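Working notes, beginning with the structure itself.
Numbered from 1 within each chain, the chains take letters A, B, ... in sequence-line order. Just so we're clear, the structure is a prediction, and the values are computed from it rather than from any experiment.
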Amino acid sequence: MMLPTGTGKSICYQLAGYYLEGLAIIVSPLLSLMQDQVEQMKMKGEKRVVALNSFLSYEEKQAVLSQLSAYHYLFVSPEMLQQEQVLAALKQQKIALFVVDEAHCISQWGYDFRPDYLSLGAVRAALADPVTMALTATATAAVRKDIVTKLQLNQDHFKEWIYSIDRPNIALSTQIFQTQKEKEAALIETVRLQKKPGIIYFSSKKKAEEIAALLAKELQIKVAAYHGDVEAMDRMKLQQQFLHDDIELICATSAFGMGINKGNIRFVLHYHLPSNIEAYLQEIGRAGRDGGPSIAYLFYQKGDEQIHHQLRENELPEDDLLEMAYQNGITAIEEQVNEVQYRFVKNQLNQGISLADAKKQRNELIGKKKKQLNEMLDYIQTAQCKRAELLKHFGEELKQQLENCCQSCGINLTEYQEKERVIQEKTQEENADWQAYLLKMFNLC
DNA sequence: CGGACTGTTGCTACCAACAGTCCGGTGCCGTAGT
């Protein structure tokens, strides 16, 4: 099922699981998503729900596994399903429903970053081919086909529910800059005028931190940086603060997003371009969930794509490393490769793939990523309607002409901007408020 | 890969031209050590 976030993806498996006999397994990509879901379901009165993950101690995990029949919903990561003990315990149960949430992860992460996503098909087979539901908000036709194949769904017995990816209330702005200075100046000006809250996306953790500090200083707004190096506890806090409008702006890498359910995000700005169009759509799709007028800005400067070239080249092992691993075993290259490279080689070896095929698969994957980045660059450059381009990528056609559509069709920016006078009054008022509050707290007035 | 930044050279007094260096994402798991 492909349907936009906020339209009730969770209820699809919750309701089905409720009426079916047996256990519903929900595969989820993030621990925080699992915890959220479990908490929400418990709050609504469903107690037979548990998340089996590394938050549990050894004893707790054993306890869950030994009394699986007491549960109706089980949240797990794809990695957890690879553990023999877990799979063995699940095999003893009647599986009512096998759900893959955020199913685009299969295609997006399975080939390198999180290979256990590709083994979900084997898990399904081991569980005697249970009824399966794959859910996502953004997947191209190719990705959907990949999901069906990798999950080993019966080609004749599956049905797709596909909804439009178009978000008419999000205007699509793209701007091209000659130097970094120009881009930064435009960023400050845009953020100053733009209605908040908002998210700014970066391809670099360092840049996210840097700009967060700059904006805090220049505009005196409540802003925080969010990326993979931020501690889990701090991440949770930031999410909560953002959710409650205590923080009005987040400077983030792609780490920020999944599971962010906030209605009033008024803009998403890309300081760096994302690595592909689907990622772009996912990221801008976090704006305007409440249906209110929102805008996506994409700032591009020639050369910005180099980050992605470099990341891609470092991601997978070169020929010499592959050859060494195939000759002398995986341990021979352990010291020279990163975790993702190591796992890629290990997987190829474990699956008995030949050296020539391993090289071929690596090259195909790199080629696919190059193509995806080029599509992103084409989108930035095109003088055609941006919305029509995005829709075309997902096999859709633009049906209606919008008033505020995109850079090519024209956007009336004032629709999305604060009136500066109002901001200043508000800030002064807020300042007075917290100062008075502090004084009162310390009994100074 | 190519822009941004830093340091050196070269010619001559303040700075232009060039060479060299650096950058750079996403999460699960188990285990060891603090």
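- In this structure, Gln306(A) places its CD atom 8 Å from P of dG3(B), rounding to the nearest Å.
- For the C1' atom pair drawn from dC18(B) and dC11(B), the interatomic distance equals 14 Å after rounding to whole Å.
- Judged by distance alone, the side chain of His272(A) and the main-chain N or O of His308(A) form no donor-acceptor pair under 3.5 Å.
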Can you give one letter per nucleotide of nucleotides 29-34 of chain B, 5' to 3': B if a protein heavy atom sits under 4.0 Å from the base, S if only from the sugar-phosphate, - if neither? SS----

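- Shown here is Gln384(A), whose CD atom has no more than 12 heavy atoms of other residues, nucleotides or ligands within 6.0 Å.
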Do Tyr226(A) and Lys205(A) pass the side-chain hydrogen bond (donor to acceptor under 3.5 Å, both in side chains) test, and can you show the C-alpha distance, the side-chain angles, and the key distance before you say yes or no? CA-CA 8 Å; Tyr226(A) 187 111; Lys205(A) 296 181 261 197; over 6 Å; no

Just to be sure I follow the notation: if a pair is Watson-Crick (purine N1 to pyrimidine N3 plus N6-O4 or O6-N4) or a G-U wobble (N1-O2 and O6-N3), each under 3.5 Å, what dot-bracket string does DNA chain B give, with | for pairs to another strand? .(((((((((....)))))))))...........

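- Note: CG (Asn338(A)) to P (dT26(B)) measures 14 Å, nearest angstrom.
- Below the 3.5 angstrom threshold, one finds a donor paired with an acceptor across the side chain of Glu315(A) and the base of dG25(B).
- Taking atom P in both dG25(B) and dC29(B), the straight-line distance is 23 Å, to the nearest Å.
- The same atom, C1', is picked in dC23(B) and in dC1(B); the two are 11 Å apart, to the nearest Å.
- Dashed line: the shortest gap from a side-chain N or O of Gln178(A) to OP1 or OP2 of dG3(B) is not under 4.0 Å.
- Comparing Lys302(A) and His308(A) by the nucleotide of DNA chain B whose heavy atom lies nearest to each, the residue mapping closer to the 5' end is Lys302(A).
- One finds a salt bridge joining Lys392(A) and Glu389(A) here, because a Lys/Arg side-chain nitrogen approaches an Asp/Glu carboxylate oxygen to under 4.0 Å.
- Remark: the Glu278(A) side chain and the Gln108(A) side chain contain no N/O donor-acceptor pair separated by less than 3.5 Å.
- With hydrogens and angles disregarded, a donor-acceptor distance shorter than 3.5 Å links the side chain of Arg387(A) to the backbone of Ile170(A).
- Among the nucleotides dG25(B), dG2(B), dG27(B), the one closest to the side chain of Phe113(A) is dG27(B).
- In the model, Gln301(A) has no side-chain atom that pairs as donor or acceptor with a side-chain atom of Tyr271(A) under 3.5 Å.
- Other residues, nucleotides and ligands place no more than 12 heavy atoms under 6.0 Å from the NZ atom of Lys181(A).
- When the P atom is used for both dG24(B) and dG20(B), the distance is 22 Å, rounded to whole Å.
- One can place CG of Leu33(A) at 11 Å from P of dG27(B), the figure rounded to the nearest angstrom.
- Salt-bridge formation is not detected for the pair Glu218(A)/Arg192(A): no Lys NZ or Arg NE/NH1/NH2 atom is positioned less than 4.0 Å from an Asp or Glu carboxylate oxygen.
- No hydrogens or angles considered: a donor-acceptor pair under 3.5 Å links the side chains of Glu283(A) and His270(A).
- Across the protein-nucleic acid pair, Ile260(A) atom CD1 and dT26(B) atom C1' stand 15 Å apart, rounded to whole Å.
- Residues passing the salt bridge (charged side-chain N to carboxylate O under 4.0 Å, His left out) test with Lys346(A): none are found, sequence neighbours excluded.
- Counting any heavy atom pair closer than 4.0 Å across all strands shown, Lys207(A) reaches no nucleic acid atom.
- Closest heavy-atom contact between Cys105(A) and Pro29(A): SG-CB, 4.0 Å.
- Distances were taken from every side-chain heavy atom of Thr253(A) (C-beta onward) to each of dT26(B), dC1(B), dA4(B); the shortest belongs to dT26(B).
- Across all strands, Gln108(A) comes closer than 4.0 Å to no nucleic acid atom at all (heavy-atom distances).
- Atom CG in Leu316(A) sits roughly 17 Å away from atom P in dT26(B) (whole-Å rounding).
- Listed in residue order, the members of residues 224-241 of chain A having a heavy atom less than 4.0 Å from DNA chain B are His227(A), Gly228(A), Arg235(A).
- Checking Glu305(A) against Tyr300(A) by side-chain atom types alone, a donor-acceptor pair falls below 3.5 Å.
- Side-chain atoms of Tyr201(A) and Arg286(A) include a donor-acceptor pair closer than 3.5 Å.
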Pairs: protein N or O with nucleotides 15-23 of chain B N or O, under 3.5 Å:
none

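- Within the nucleic acid shown, Pro29(A) comes within 4.0 Å of sugar-phosphate atoms alone, with no base atom in reach, counting heavy atoms only.
- Separation of the P atoms belonging to dG7(B) and dT12(B) is 25 Å when rounded to the nearest angstrom.
- Figure legend: cation-pi geometry between Lys150(A) and Tyr117(A) absent, as NZ or CZ is not positioned both under 6.0 Å from the six-membered ring centre and within 45° of its axis.
- When only modelled atom types and interatomic distance are considered, Gln85(A) and Gln62(A) share a side-chain donor-acceptor pair under 3.5 Å.
- The interatomic distance linking Asp304(A) (CG) with dG2(B) (C1') rounds to 11 Å, in whole Å.
- Straight-line distance from the CD atom of Glu313(A) to the P atom of dG2(B): 13 Å, rounded to whole Å.
- Shown for residues 363-375 of chain A: no residue has heavy atoms falling under 4.0 angstrom of DNA chain B.
- The cationic group of Lys386(A) lies under 6.0 Å from the six-membered ring centre of Tyr379(A) and within 45° of the ring axis, placing it in a cation-pi geometry.
- Between Glu396(A) and Ser164(A), the side chains place a donor N or O and an acceptor N or O closer than 3.5 Å (distance only, hydrogens not considered).
- Across the P atoms, dG27(B) and dA4(B) are found 29 Å apart, a figure rounded to whole Å.
- For the pair His104(A) NE2 and dG27(B) P, the interatomic distance rounds to 12 Å; values are reported in whole Å.
- A stacked arrangement is not assigned to Trp109(A) and the six-membered base ring of dT26(B), the conditions of a centre distance below 5.5 Å and an interplanar angle below 30° not being jointly met.
- OP1 or OP2 of dT26(B) has at least one side-chain nitrogen or oxygen of Lys205(A) nearer than 4.0 Å.
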